[in-house]
**Student:** 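Dumping the structure here so I can ask a few things about it.
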Amino acid sequence: AGVVVGAVLREVQNLSEISEIALDADGDGEVTLDELADALNVECMMVDADGDGVITEQEKVEALRAAGVQDVFDEYGMSGADRAGEQLVIRERMMDQLDLPPTFAIEDYFAEIFGRNLEEVVELSPVTWLPLIPLIAIDNSVDLARDIVSASSSNAFESAGCFYATPWVLYSSLFLQAFSLVWATFNYWKVSGIKKMLLPTLVKEGADSEAILLPPRYLDDYLLDRFDSSPSIFGWGERFFTGGGASSSPPRNAHERLFGAVGAKFPTVYRDSIRFHAWLCVAQIVYSTTQIISRDVAALYVGANVGNPETVLPELMLWSVFVVSALLQLSLAPTTFLNYCFVTSVEEFVKVDIVKKSISEDGGRRGAATSEKVLVEG
């Protein structure tokens with residue numbers, strides 16, 4: 001949880017400095033589409049197919065279908081400048097959609113979005129821990145069978161090596177690790193894939209041409225029909241764990257069609273999914289290090305009599321791998337969370353109240369009044 005919080009706070013700090021990054025080539029305090037295109041090294045491609053100097057909607061659609069899409073796993077190592085550039089591209093899209101004044105601060109908008117969702121993700125309630133009780137009970141059965149209260153008990157070494165040597169504990173732990181890894185990867189892959197469909201595409205026809213902002217990919221029925229965020233068994237799992245998913249809560253618009261089998265329940269379901277998985281990783285790390293790894297290390301260090309001498313070292317190595325795996329999964333959580341915030345706060349999910357708060361009063365009454373009128377009518 002601390003990893004998620006730290007990464008999000010760092011992202012908020014980066015957003016607060018968004019106008020100061022090197023994307024503003026001419027130093028005028030405003031990052032134009034051309035400056036964004038140059039800084040982000042966007043793809044060069046022909047948009048005006050017939051060369052008549054007028055770009056039609058159909059030409060934009062054809063260009064959008066031909067444009068390349070960044071691999072979702074590139075998100076993991078995305079630089080601060082690239083992520084800031086994405087926010088500014090979104091700002092251009094929102095300003096065009098909602099007729100917002102130049103004083104609209106996208107950094108304030110996303111900072112507020114991050115804060116609201118972060119409060120929900122880090123919330124620790126009894127319901128969060130409830131699914132973990134059976135899993136912890138399986139491991140604790142090794143100690144309880146030997147009248148051991150915890151790893152700090154005087155007879156704790158009697159269980160050293162027995163976690164590995166007890167089949168149901170070993171296999172259930174292996175299953176949990178595999179399940180947790182798939183869960184983390186799917187959360188990351190799903191929200192990152194949806195984000196790619198929601199991002200406007202910035203292209204240039206040539207080095208000296210003006211940048212062109214193409215609409216998000218999900219607005220093209222051809223691309224939307226071929227996008228599947230709930231492939232194979234994952235779609236079945238989403239419907240099972242959400243009480244029918246899209247069958248009981250069908251998508252109300254093209255944006256929600258991106259959510260796949262989970263349907264309109266996506267915002268709540270995947271916020272909870274990110275939260276439960278983060279705390280699952282925390283529980284695995286804490287339990288493994290304090291109850292098994294530290295005990296095995298101490299037993300080997302002092303040469304104590306242990307429950308199963310032959311399996312102490314394999315047990316220590318395997319549960320250490322479990323901890324490393326959980327840490328790697330937690331390292332995906334910040335990017336997963338940030339992308340979740342993105343896909344639930346743009347296009348059809350724009351938060352009008354936060355947009356209003358993110359419009360600086362310095363832009364004058366006319367701009368703010370015009371924007372408010374558009375937002376209320378929308």
Side-chain angles (χ1 to χ4, degrees), residues 1-11 72-73 75-76 113-139 172-195 229-243 245 258-263 265-290 319-344:
V3 174
V4 179
V5 173
V8 173
L9 292 178
R10 186 169 61 253
E11 180 68 14
V72 294
F73 289 100
E75 289 270 342
Y76 186 76
I113 294 291
F114 294 157
R116 289 188 181 185
N117 284 302
L118 187 62
E119 184 178 358
E120 296 288 340
V121 169
V122 301
E123 178 188 6
L124 184 59
S125 66
V127 176
T128 305
W129 288 104
L130 195 59
L132 303 178
I133 294 176
L135 303 174
I136 295 175
I138 292 175
D139 283 350
S172 64
S173 297
L174 288 170
F175 171 79
L176 176 61
Q177 291 302 316
F179 177 78
S180 181
L181 181 59
V182 172
W183 186 2
T185 305
F186 183 70
N187 277 350
Y188 171 91
W189 175 84
K190 186 176 181 91
V191 295
S192 297
I194 295 172
K195 175 187 172 183
S229 65
S230 303
S232 186
I233 193 174
F234 295 102
W236 176 87
E238 287 180 322
R239 284 185 287 270
F240 177 79
F241 287 109
T242 60
L258 294 172
F259 300 155
V262 75
K265 296 180 179 181
F266 176 89
T268 300
V269 168
Y270 269 83
R271 184 181 60 206
D272 289 343
S273 179
I274 294 170
R275 177 172 53 139
F276 282 129
H277 183 267
W279 284 113
L280 171 62
C281 288
V282 170
Q284 290 182 85
I285 293 169
V286 172
Y287 186 88
S288 295
T289 53
T290 61
W319 262 262
S320 296
V321 170
F322 290 167
V323 170
V324 172
S325 174
L327 288 172
L328 289 174
Q329 292 169 49
L330 273 182
S331 72
L332 289 176
T335 302
T336 303
F337 173 79
L338 293 172
N339 287 342
Y340 164 84
C341 291
F342 173 87
V343 304
T344 55

**Student:** Within the distance-only criterion (no hydrogens, no angle test), does the side chain of Thr289 pair as donor or acceptor with the backbone N or O of Val286 below 3.5 angstrom?
**Tutor:** yes
**Student:** Any chance the side chains of Ser273 and Asn187 put a donor and an acceptor closer than 3.5 Å?
**Tutor:** yes
**Student:** Mind checking the NZ-SG spacing from Lys195 to Cys341? Nearest 0.5 Å is all I need.
**Tutor:** 11.0 Å
**Student:** Write down the atom of Arg239, the atom of Ala261, and the distance for their closest heavy-atom approach.
**Tutor:** NH1-CB, 3.4 Å
**Student:** Test Ile113 against Phe342 for side-chain contact (heavy atoms from CB on, under 4.5 Å), laying out the working first.
**Tutor:** CA-CA 8 Å; Ile113 294 291; Phe342 173 87; over 6 Å; no
**Student:** Here's a test for you: under ring-ring contact (aromatic ring centres under 6.0 Å, His included), which of Trp189, Phe186, Phe240, Phe241 qualifies with Phe234?
**Tutor:** Phe186
**Student:** Applying side-chain contact (heavy atoms from CB on, under 4.5 Å) to Leu328 and Leu332, what does each step give before you reach the verdict?
**Tutor:** CA-CA 7 Å; Leu328 289 174; Leu332 289 176; over 6 Å; no
**Student:** For Ser172, what residues pass the side-chain contact (heavy atoms from CB on, under 4.5 Å) criterion, not counting sequence neighbours?
**Tutor:** Ile138
**Student:** So which heavy atom on Val262 is nearest to which on Phe259, and how close?
**Tutor:** CG1-O, 3.2 Å
**Student:** Indicate whether any N or O donor in one side chain lies under 3.5 Å from an N or O acceptor in the other, for Gln329 and Ser325.
**Tutor:** yes
**Student:** Has His277 got a side-chain atom pairing as donor or acceptor with Ser180's backbone, closer than 3.5 angstrom?
**Tutor:** yes
**Student:** Taking atom types as modelled and ignoring hydrogens, do the side chains of Ser230 and Lys190 form a donor-acceptor contact shorter than 3.5 angstrom?
**Tutor:** yes
**Student:** Establish, from distance only, whether the side-chain atoms of Glu238 and Tyr270 form a donor-acceptor pair under 3.5 Å.
**Tutor:** yes
**Student:** Got a sec, which residues hit side-chain contact (heavy atoms from CB on, under 4.5 Å) with Leu176, two or more places apart in sequence or on another chain?
**Tutor:** Leu135, Leu280, Gln284
**Student:** Parallel, tilted or perpendicular, judged at 30° and 60°: which one describes the rings of Phe337 and Phe114?
**Tutor:** tilted
**Student:** Tell me whether Tyr340 contacts the main-chain N or O of Tyr188 through its side chain, where contact means a donor paired with an acceptor under 3.5 Å.
**Tutor:** no
**Student:** How far does CD1 of Ile274 sit from CG of Leu118, to the nearest 0.5 angstrom?
**Tutor:** 11.0 Å
**Student:** So, using side-chain contact (heavy atoms from CB on, under 4.5 Å) as the criterion, who are the partners of Leu174 when residues are at least two apart?
**Tutor:** Leu170, Tyr171, Leu318, Phe322
**Student:** To the nearest 0.5 angstrom, please state how far the OG1 atom of Thr242 sits from the CG atom of Asp272.
**Tutor:** 12.0 Å
**Student:** How far apart are the closest heavy atoms of Val191 and Val343, and which atoms are they?
**Tutor:** O-CG1, 3.7 Å
